[in-house]
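One structure, as structure tokens, below. Some questions next.
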Amino acid sequence: MTKEKNNKPLKELPLGFVDRKEKELLVRDFIISNIKEIMIKYGFQYLETPSFEYTDSIGKFLPDKDRPDEGVFSFKDENKWLSLRYDLTAPLARYIAKNYLEISKPFKRYQLGTVWRNEKPGPGRFREFLQFDADFVGTNNLQADAELCIMIAEILEKCGLSKEEYKVKISSRKITEELFKKINLSENKQKLSVLRALDKIDRLGWTEVRKLLSEGRKDKSGDFTDGANLDKSKIEIIEKELKKKKPVTDDLLEILKIFKDYKFNNFEFDPSIIRGLEYYTGPIFEVNLKFDVTNSKGKVIQFGSIGGGGRYDNLVSNFGNYDAPATGISIGLDRLVYALMQKKEFKIKQSKPVVICVFDKNSMKEYIGLQTILRSASISTEIYPGEGKLKKQMEYANKINAPAVILYGENELKSGKPTIRNLSTGKEKSISIKELSYEIKKII
RNA sequence: GCAGCAGUAGCUCAGUUGGUUAGAGCACUAGUUUGUGGAACUAGGGGUCGGUGGUUCGAAUCCACCCUGCUGUACCA
């Protein structure tokens, strides 16, 4: 007996994977439809690439590990490693490199797709999630970078956010590069740990970041993080440079000018935006939500950015001889959905079916007749799909939020006039079949 | 990965210093007479008390290890 129990299949989901229900999916669909509309307006092409790629194709920027499944989901297929994509940028670079000669440049594409990451999930973060990307390939024009920021702002506003509820932050990789020259930092490993430390200014503040730049820091759970081991004078220079309120690098100055021409002002220069990515070469941006987000227990949690991007001029050239400067942005849709669902006014209308009650199976022909009339009038309709008494059918209709039920029993069949019951008011009305669709539409 | 906290019914939780057949609310199912939902009442189903091992006459309760979740932290292409 115990053996049988042990053989039962698991009903649990793997870590970081979730079932998504209608409520969430409707919000997601709403966001997606806004995105598509705006993408068309901005002139981007729609592209889809497969979920799997050769690990080698998208793995150029993975940490050089012996195991190809570090951070990604991979398996070996006929001696070649395949990986589920971890973002949409690396597959884009692969796509460009493969089809370089056929693609007219500049190339603008947008893409919606699920990506997978084999890492620890956090609040609003899963191991499988939907991402939206828009990229310009084959142009050095900073108009592209500026337009991405403006476009993302338009998407968020279209989704119902006000200017106070989000902010586009911009910076440039050039700022930190110049800084490294200034303090004579050349070792790549140390550069990276400085960048990582600076990335946390927003969350931890300068006092803690100074610790990370020097000997290291202990967080409130008692865990210790190694520092970058810089000396005091260098840290002072970094701090002074990064506290500047206005950009001085030529790329940002130009973007600011373009913003002005577009009358776009919901941005903020923030030199502490790092984005941790090694491949960025120029302007970088990040989109932050400004309102509180709570978890399932009602506690306010740190939500962070819902997306970002920047210029990556060397990514395509990694594949061969083609050189294509590029810039792009990506948004984590599920995180945006999670945040948007917490805004009270966010109720998406969903049309639920009118339920035709079954009194007698011998009358199915009549029920189907009514259903056909309603469905051909594009009214969501169903004949009660279960079995049972009228009471049970009413309970069902109530539970699925049906706007009305149609009663077509013995009495009604005699007169040929079905009764419709409005489930929100409880009122019933005898209606001729001719007027049925019209009356139901009034209720919906 | 590291650290702190937690795991009792589908959900939210109670369970006294270890002591009989482990409880509540909500949800679910059936019924409160024939064709009427959202309320009430009655009855019912449902738990290897996260898992394994140990201490004990006896463990949901104590100990060890493991698993899972939450939160922070690290990594994040």
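Letters A, B, ... are given to chains in the order of the sequence lines, protein chains preceding strands, and every chain is numbered from 1.
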(request) Return the 5'-most residue of the pair G409(A), S193(A) with respect to RNA chain B, ranking by each residue's nearest nucleotide. (result)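 Closest to the 5' end, via its nearest nucleotide, is G409(A).
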(request) Identify the nucleotide, in any strand shown, that forms a Watson-Crick or G-U wobble pair with A60(B), with both distances under 3.5 Å; if there is none, say none. (result) none
(message) Applying a 4.0 Å non-hydrogen cut-off, can you work out what S424(A) is touching in the nucleic acid: base, sugar-phosphate, or nothing?
(response) base
(request) Give a yes/no on whether any side-chain N or O of K389(A) is located under 4.0 angstrom from OP1 or OP2 of A30(B). (result)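 The answer is no; no side-chain N or O of K389(A) sits under 4.0 Å from OP1 or OP2.
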(message) Surrounding NZ of K243(A) (heavy atoms of other residues, nucleotides or ligands, distance under 6.0 Å), is the total greater than 12?
(response)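 Yes, enclosed.
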(message) For A22(B), give the paired nucleotide (Watson-Crick: N1-N3 plus N6-O4 or O6-N4; G-U: N1-O2 and O6-N3; both under 3.5 Å), or none.
(response) none
(message) From C-beta outward on E119(A), which listed nucleotide comes closest to its side chain: U73(B), U36(B), C75(B)?
(response) C75(B)
(request) Under a 3.5 Å limit for both distances, which nucleotide forms a Watson-Crick or G-U wobble pair with U73(B), could you say? (result) G1(B)
(request) Remember a base hit wins even if backbone is also touched, and classify Q393(A) as base, sugar-phosphate or nothing at under 4.0 Å, heavy atoms. (result)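 Nothing: the residue Q393(A), judged by heavy atoms under 4.0 Å, touches no strand.
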(message) Return the pairing partner of A43(B) with a 3.5 Å limit on both distances, Watson-Crick or G-U wobble; otherwise return none.
(response)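 Pairing partner: U29(B).
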(request) Take Y396(A) and K391(A), find for each the nucleotide of RNA chain B with the closest heavy atom, and name the residue whose nucleotide sits nearer the 5' end. (result)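 Mapping each residue to its closest nucleotide by heavy atoms, the 5'-most match is K391(A).
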(request) Would you tell me if any nitrogen or oxygen in the side chain of K399(A) comes within less than 4.0 Å of OP1 or OP2 on C28(B)? (result) yes
(message) Using a 4.0 Å heavy-atom cut-off, does E208(A) contact any base of the nucleic acid, only the sugar-phosphate backbone, or nothing at all?
(response) nothing
(request) Check if the side chain of E428(A) and the base of U36(B) share a donor-acceptor pair of N or O atoms closer than 3.5 Å. (result) yes
(message) Between G15(B) and U61(B), how far apart are the two C1' atoms, rounded to whole Å?
(response)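 Result for the C1' pair: 9 Å, nearest Å.
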(message) If you only use heavy atoms from C-beta on, which nucleotide in A74(B), U36(B), C28(B) is closest to the side chain of K200(A)?
(response)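 The nucleotide sitting nearest to the side chain is A74(B).
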(request) Nearest 0.5 Å please: distance from the NZ atom of K232(A) over to the CZ atom of R210(A). (result)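 So the gap between those two atoms works out to 10.5 Å.
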(request) Assess whether one donor atom and one acceptor atom, taken from the side chain of N398(A) and the base of G37(B), lie less than 3.5 Å apart. (result)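 Result: at least one qualifying N/O pair found.
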(request) Please check the phosphate of C75(B) (OP1 and OP2 only) for any side-chain N or O of R196(A) closer than 4.0 Å. (result)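 R196(A) to C75(B) OP1/OP2: side-chain N or O found under 4.0 Å.
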